[in-house]
Novice: 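Following this message is one structure expressed as structure tokens.
Everything quoted here is computed from the prediction, not taken from an experiment. Just so it is clear: chains get the letters A, B, ... in the order the sequence lines come, proteins before strands, and each one is counted from 1.
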Amino acid sequence: MKHFISTQEWKKEELDKLLDLTAEMKKDPEEYNNSLLGKSLCMFFYNPSTRTRNSTEVAAYQLGMHPAFNSIKDAWIGYQSESIKDTSIVLSKYYDAIGIRIFPVSVKWKYKEGHRILNEFARYSEVPIINFEDDQFHPLQALTDIFTIREKKIHTEGKKIVISWCYHPKPLPFSVPNSILLMSSRYGMDITLTHPKEYRLDDEIISVAENNITQSGGTLSFSHDIDEAYQDADVVYIKSWGARPYYGDAKNEKQLRIPYRESWRIKANHLEKTEKDSVLMHCLPIRRNVVADDEVIDGKHSIVYKQAENRLYTAKAVLYNLLKN
Amino acid sequence: MKHFISTQEWKKEELDKLLDLTAEMKKDPEEYNNSLLGKSLCMFFYNPSTRTRNSTEVAAYQLGMHPAFNSIKDAWIGYQSESIKDTSIVLSKYYDAIGIRIFPVSVKWKYKEGHRILNEFARYSEVPIINFEDDQFHPLQALTDIFTIREKKIHTEGKKIVISWCYHPKPLPFSVPNSILLMSSRYGMDITLTHPKEYRLDDEIISVAENNITQSGGTLSFSHDIDEAYQDADVVYIKSWGARPYYGDAKNEKQLRIPYRESWRIKANHLEKTEKDSVLMHCLPIRRNVVADDEVIDGKHSIVYKQAENRLYTAKAVLYNLLKN
Amino acid sequence: MKHFISTQEWKKEELDKLLDLTAEMKKDPEEYNNSLLGKSLCMFFYNPSTRTRNSTEVAAYQLGMHPAFNSIKDAWIGYQSESIKDTSIVLSKYYDAIGIRIFPVSVKWKYKEGHRILNEFARYSEVPIINFEDDQFHPLQALTDIFTIREKKIHTEGKKIVISWCYHPKPLPFSVPNSILLMSSRYGMDITLTHPKEYRLDDEIISVAENNITQSGGTLSFSHDIDEAYQDADVVYIKSWGARPYYGDAKNEKQLRIPYRESWRIKANHLEKTEKDSVLMHCLPIRRNVVADDEVIDGKHSIVYKQAENRLYTAKAVLYNLLKN
């Protein structure tokens with residue numbers, strides 16, 4: 001039995017297989033109708049969700065499953081009222097798979113605690129655990145991102161991806177930047193990580209990415225100059241995140257980010273130096289005209305809705321892979 | 001592609017077709033079982049619901065669909081965290097139809113803002129938007145109301161309907177009175193709108209109703225005398241609503257309504273002057289012995305439970321019409 | 001039409017039938033797949049739930065039904081905004097069965113008010129009402145408990161069950177101890193009820209249990225000495241509950257329970273005097289190392305996860321029995 005908690009725990013060939021299956025799910029959805037009939041998916045959310053919840057719910061239904069949305073507001077689940085162990089064992093008696101979302105706010109910003117909880121669920125569960133985004137990773141998103149890049153006929157190997165910080169009024173979690181960094185470094189991309197100097201991602205994650213590129217043939221460089229970073233990019237992946245040293249301290253972190261409000265708000269001219277057919281990505285939701293201008297989100301480079309749509313097919317592929325094999 | 005946001009946007013022949021389909025759905029429900037198999041319905045609620053949520057959820061299931069209840073408490077949807085545009089486009093990638101409820105309280109009582117939001121959803125959605133009650137209209141209710149009137153063998157043309165204000169401790173929205181006014185005026189009824197003088201409905205809505213009757217052959221009159229108004233009525237539709245000039249100002253509006261607490265509380269004797277076989281309608285929920293006496297709600301004229309039950313069949317007809325044609 | 005609000009309202013032969021059906025559901029689940037296809041189950045929760053909600057939801061789906069989870073946070077249901085009568089009649093127009101959970105906190109600790117509300121739902125509903133745990137009873141749990149005891153090859157007749165109070169920082173409801181007391185006394189067990197002297201269960205319930213044993217051949221004794229009580233037990237059922245005279249007064253009740261924190265925390269040595277193959281039961285959730293030690297919950301006597309798992313099969317049996325007969 002496998003879990004889908006981080007892409008890093010999956011072999012390259014296994015990820016390739018998931019990407020191929022995603023393509024099949026999109027091309028010929030009806031072939032897989034009811035392939036998981038009679039099975040049930042527990043969807044447990046410590047935090048709100050739009051894309052993850054709805055794409056996975058529809059994916060499960062189309063495969064014949066019953067998806068059961070559980071909100072922390074309506075359940076005695078984990079962490080406080082009941083041990084993770086007990087919750088996990090019990091839910092896995094009823095369900096065939098369990099998806100869980102847990103954000104930093106639900107673990108009082110104790111660093112990596114959400115991810116630890118997911119792994120604790122996995123330790124005791126008798127069925128696969130699926131990460132619906134924890135405080136470290138969002139593997140369903142990153143899998144979709146690589147799928148969407150390749151769907152745009154961008155062979156990842158040797159292509160330049162800029163993972164670009166951008167301004168947001170609040171310090172957001174690391175799950176999305178961590179995950180796209182890990183995945184793009186598995187897929188041989190030339191990665192430029194650009195952000196103000198205080199916004200360096202966790203060294204541990206960077207170290208894993210550096211190990212990934214030695215195997216995939218990619219490269220990894222850093223830049224604090226957004227204009228330089230975007231030069232000749234094939235893929236620009238924009239996403240805001242918080243400053244690691246101020247984790248959980250939103251009040252003081254605020255002072256840090258204010259100077260970047262204008263300079264790191266993504267505008268149309270930022271994309272001018274990229275390749276002509278470059279793509280602009282974001283996982284959504286996005287605050288328009290704060291994080292990035294309408295001209296960017298609605299512009300010719302943007303494939304943000306493709307990303308969101310593809311979440312449906314990736315979710316189906318992951319469910320099918322975990323439950324049918 | 002059509003939306004179901006207001007009955008006014010639907011032609012008379014289209015509404016007739018919906019009413020006929022409702023009758024079929026009720027008479028021969030099994031014929032339509034699984035007719036929409038494989039399709040999914042997003043049910044998004046900014047506000048609580050009993051009838052609309054549950055009738056539509058069961059309707060969708062009986063047609064073979066997967067209904068997915070989303071509460072604003074558990075989703076990043078629209079208005080604040082994400083633009084309506086982005087939410088609408090994304091959800092319409094996963095679902096085959098999207099139902100939305102949004103009350104005045106969710107738009108801070110900005111007049112007509114809820115209805116505007118529904119129209120904005122419709123502008124961007126790639127699938128039909130269904131109004132699950134906004135701050136202006138409740139078309140699923142009004143469609144059911146006309147169906148229920150006709151089911152009681154009351155041919156609407158030339159029959160007298162009294163749309164009667166009644167007391168309630170709080171100023172309620174206009175969606176239900178607006179909607180039954182618009183529908184009864186499409187269906188050639190002789191309408192008497194009765195309420196204390198300060199409770200006149202929006203002139204714009206009244207003007208649309210007046211235009212409707214010129215085409216349907218109905219009539220529209222006003223009365224501030226509840227006893228006079230009920231005289232010879234075939235249908236008495238009771239419903240409380242707020243005073244237009246105090247919209248969003250519950251505190252001051254309260255002074256206005258207090259004097260009407262007894263005189264506009266509906267009692268058995270109010271119905272004595274109506275036709276012998278007249279029907280008493282209310283959309284529910286209703287505060288018993290505050291808005292109307294038990295003798296009224298449970299009395300021989302009352303068809304309030306028929307109305308509620310018929311919501312199931314109307315919901316099925318609307319879903320089928322939007323998704324099968 | 002029958003309801004499932006308290007096991008006491010069901011005849012012994014009917015309960016036997018439910019237990020037999022539970023065994024069949026567990027042994028040969030596929031035989032009953034889709035046996036209730038097209039039917040819908042309203043699941044209405046005034047309070048949070050993990051086991052009851054999820055076991056019943058999956059049970060309903062596996063039988064072909066559509067389960068619709070409704071939280072009080074998202075519905076206008078009962079008690080405040082709408083009369084129980086109206087809610088019950090209306091929901092029963094859409095659904096084939098209605099499950100309801102209501103805890104003391106939702107009725108402001110008015111004694112037995114939750115149970116009264118369930119009976120009021122039943123009075124007006126046109127479909128079966130299922131008790132998802134009220135402030136007096138949890139029949140789905142107690143049915144599962146007897147099933148699980150018998151599954152462990154413990155013929156209930158003449159076997160000793162200790163229903164044992166244990167420490168918990170808060171005064172918990174009586175539903176679980178009441179229900180296992182009523183069921184074990186129906187099934188001819190030799191019951192020892194052990195608790196600190198202030199924690200006597202409601203005399204009315206005890207009186208019903210005493211009447212049960214005159215018919216079932218069981219016995220009922222009381223003990224305030226936990227060590228003595230556990231002697232030679234075949235089944236130890238641990239569960240905390242509040243002191244009846246302090247019902248709803250958690251603040252003052254706290255003083256009462258503090259002295260019992262250590263002496264009534266269940267430890268491994270408590271089980272040493274029981275039969276060698278005795279079983280330790282708890283309905284979960286449980287606060288580990290507060291109510292009982294890890295060594296107890298994870299020890300060789302413990303069948304707590306079996307209990308939890310069996311909730312699925314009992315739920316199926318109850319749904320099938322209510323809706324298929």
Novice: Ignoring hydrogens and geometry, is there a side-chain-to-backbone donor-acceptor pair from B:H3 to B:I129 under 3.5 Å?
Specialist: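 Yes: the side chain of B:H3 pairs with the backbone of B:I129.
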
Novice: Could you work out, with side-chain hydrogen bond (donor to acceptor under 3.5 Å, both in side chains) as the rule, every residue matching A:R51, not counting sequence neighbours?
Specialist: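 B:E82.
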
Novice: Taking heavy atoms only and a threshold strictly under 4.5 Å, list by residue number the residues of residues 290-311 of chain A that touch chain B; give 'none' if the list is empty.
Specialist: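 Contacts with chain B: A:D298, A:Y305, A:A308, A:E309, A:R311.
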
Novice: Check whether the ring centres of A:F45 and A:F132 lie less than 6.0 Å apart, and answer yes or no.
Specialist: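 They qualify: ring centres under 6.0 Å apart.
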
Novice: Of all heavy-atom pairs between B:Q141 and B:C283, which one has the smallest distance, and what is that distance?
Specialist: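 It is CD-CB, 3.4 Å.
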
Novice: Check ring pair (Phe, Tyr, Trp, His ring centres under 6.0 Å) between A:Y32 and all other residues, then give those that pass, not counting sequence neighbours.
Specialist: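 By the ring pair (Phe, Tyr, Trp, His ring centres under 6.0 Å) rule, A:Y32 matches A:Y320.
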
Novice: Taking only residues two or more places apart in sequence or in another chain, which ones pass ring pair (Phe, Tyr, Trp, His ring centres under 6.0 Å) with B:Y247?
Specialist: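 So B:Y247 forms a ring pair (Phe, Tyr, Trp, His ring centres under 6.0 Å) with B:W109, B:Y111, B:F174.
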
Novice: Does any N or O in the side chain of B:K324 come within less than 3.5 Å of the main-chain N or O of B:S35, such that one atom is a donor and the other an acceptor?
Specialist: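 Between the backbone of B:S35 and the side chain of B:K324 there is a qualifying donor-acceptor contact (under 3.5 Å).
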
Novice: Among A:K73, A:Q62, A:E30, which has the most heavy-atom pairs under 4.5 Å with chain B?
Specialist: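 So the answer, after comparing A:K73, A:Q62, A:E30, is A:K73.
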
Novice: Specify which of B:K39, B:K93, B:H66 makes the most heavy-atom pairs with chain A at under 4.5 Å.
Specialist: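 Counting heavy-atom pairs under 4.5 Å, the top option is B:H66.
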
